[in-house]
Amino acid sequence: MGSSRFGRLTFLFIYLVDISVEQSSTQWNALNATVQGRLIRGVPFARPCFQLTNQTSGTFDADKCSIVIQDYLNESVRVDTFSAYMNTQWETCQTRMSQCLLDASIPSNPDAFDIPHVCSQGSIPEYGIDVRTAENVLAGYNFSKAHSMPLVIKNTGHDYKGRSSAPNSLALWVHNLQSISLNKSFVPNGCNSTEEAEAVTFGAGVLASTAVDFAEANNITIPTGADPTVGVAGGYLQGGGHSALSNTLGLAVDRVLQFEVVTPSGLHVLANKCQHADLFFALRGGGGGTFGTVLSVTTLALPQMHVNAVQVSFDPVRENQKRFVEFIVKHTVQFAQDGWGGYIAPITGSIILANSVLNSSEALDSIDSLRSFIVEKLNGNFTFVVEPSYKSFLDKFEPAQPVGTEFTLSSRLIPLTNFQSDASREELASVINGMLDTVPFMYLAATTPFLYGDNPGTSVTSAWRTSLWHFVIAAEWNFNSTVADVSATYKSLSDAVRPLREITVGSGAYPNEADLYEPDFQVSFWGSNYEELLAIKKKYDPDHLLDCWQCVGWAKASSPIFDCYLPL
Ligand SMILES: Cc1cc2nc3c(=O)[nH]c(=O)nc-3n(C[C@H](O)[C@H](O)[C@H](O)COP(=O)(O)OP(=O)(O)OC[C@H]3O[C@@H](n4cnc5c(N)ncnc54)[C@H](O)[C@@H]3O)c2cc1C
């Protein structure tokens, strides 16, 4: 970590920048009236802790500061707070060193917020519309167009790539769209009854934990991501959406039946395979914040199912890590073919696997090589239990993930071919083992829809379907890191993943959890679907009201919306 990022020069510079783009209060008042008083100010989450401020609203308040300190790393509080984000660099303006952050390692540390530290707006939207209706969304589009105001869509603020915040912007905040309903005989609008299926319709703000609780109460299964507060209908779903059960049940985009969406071109439609099929295709993997604002999503309700769960831990000394990597590379194809999926973390020596297709004795047989390796060779622990549902599996085994910190990822989809011969396995294990010394976080997410197979109705890269791992590395930093530190962190991950790219030519990456500086991102994220997605983008967003980092139709650095991204 380096020295403080604050100083008087910074303060003056940001002051000028903010003034130049500030909309007049008359315009904001008019917008507020149009949206029935649902315009909210983007007050930085940690604002009450700072006595000095630069153009942010809110006030210093020691009592409220104590509450912020207490809740700083609490993801539920962050989700409920319009101006808070999970990966806090997206509350800051990284290029201008403008921020309003606490010390994520010790939130009560006054070195982050006492004088002379200044609370700045960073990338937190100036205002947000607390969206309840399609008309609210249209009002946001109209305002953005009339005043050239950058626009973002925000749901939970989990995005790793900053696509739900932007400096000097207006946000469409969909968090309060919390409806859920089960329909035992759902037919997508405009389709005939042969398409009937049991389905759940979620408002755009519904969280994974709410969906899983609802599924449990209704004796169905809705696979979700591994974090309780990721949204089910927003960026998670529209970018792909993997889970511990994706190997056999597919990605979230594989199970979606219909979107209710408001497009920047002014349409409020139900998109499904029978109507607005192009938009339906685009929303099934083309990415959030790009084609329109989704108000609700209808997705297949799967029957409730048991989950065979395996939890493993071993002493993560280097020798054990390396031996484990060699083992898991060798056995991954068999585990995938038997229906296993889950999260494998060689650096911490922890593994969580799930399987819903085998009975318990088949599952134990199938995974016995892992048990004996862990117990006999690494002296580790192996636990096997059968959970009655996906919810009970998640309640016990959900992997912990950091939130409230500045955190970034890089990743690669690792195809079957890398596991098929002794030589390719050796090469893969050697590349992974070479990373153990250089990356702080690593997990091999066995969450690809490998057994589920192809689905041409979706727009995710086909590399998902032929891969066995979504391989992720990550790093974090803190409030007092310098621009040079932060740049170096991004670069270190991009550099670390390069050898993996070199041995997986033609594969791709998951846009929601990709390198911020993914090379050739169009091909990497969408493969041969990109040109079609671009045409759909132009059709439904002809004025380019929606734009986000490395999204379909990205305007690149030419737009002020990206001013806060560091050049690499
Ligand atoms: C702790 C953690 C755990 C995660 N675990 C998983 C996992 O297990 N599996 C997985 O696949 N991913 C996982 N992710 C990644 C996740 O898929 C992305 O962060 C995703 O972008 C989150 O979507 P969101 O809508 O919840 O977040 P937001 O940050 O609010 O939005 C993300 C993007 O979607 C857009 N968007 C949001 N709502 C809408 C809407 N209604 N209409 C149109 N666009 C919208 C935003 O504009 C933005 O571009 C995880 C992320 C974190 C931080």
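Keep in mind that the numbers below use all heavy atoms, side chains included, and drop hydrogens, waters and symmetry copies. We number each residue from 1, following the sequence as shown. In each ligand, atom 1 is the first atom listed, and ligand 1 is the first ligand listed.
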Residues Glu260, Ser296; criterion side-chain hydrogen bond (donor to acceptor under 3.5 Å, both in side chains); working and verdict: CA-CA 5 Å; Glu260 179 190 3; Ser296 71; 2.9 Å; yes
Smallest separation among heavy atoms of Gly286 and Val552, with atom names: O-CG2, 3.7 Å
SB check Lys161 Glu513 (cutoff 4.0 Å): no
Minimum side-chain heavy-atom gap Thr229-Ser76 below 4.5 Å: yes
Contact residues of ligand 1 (heavy atom under 4.0 Å), by chain and number: Asn87, Ile153, Lys154, Asn155, Thr156, Gly157, His158, Asp159, Tyr160, Arg163, Ser164, Val174, Ala204, Gly225, Ala226, Asp227, Val230, Gly231, Gly234, Gly235, Tyr236, Gln238, Gly241, His242, Gly288, Gly289, Gly292, Thr293, Val294, Gln401, Tyr510, Asn512, Glu513
Audit row: Asp515, Tyr517, side-chain hydrogen bond (donor to acceptor under 3.5 Å, both in side chains) steps and yes/no: CA-CA 5 Å; Asp515 197 305; Tyr517 302 94; over 6 Å; no
Residues Tyr565 and Gln550: side-chain donor-acceptor under 3.5 angstrom: no
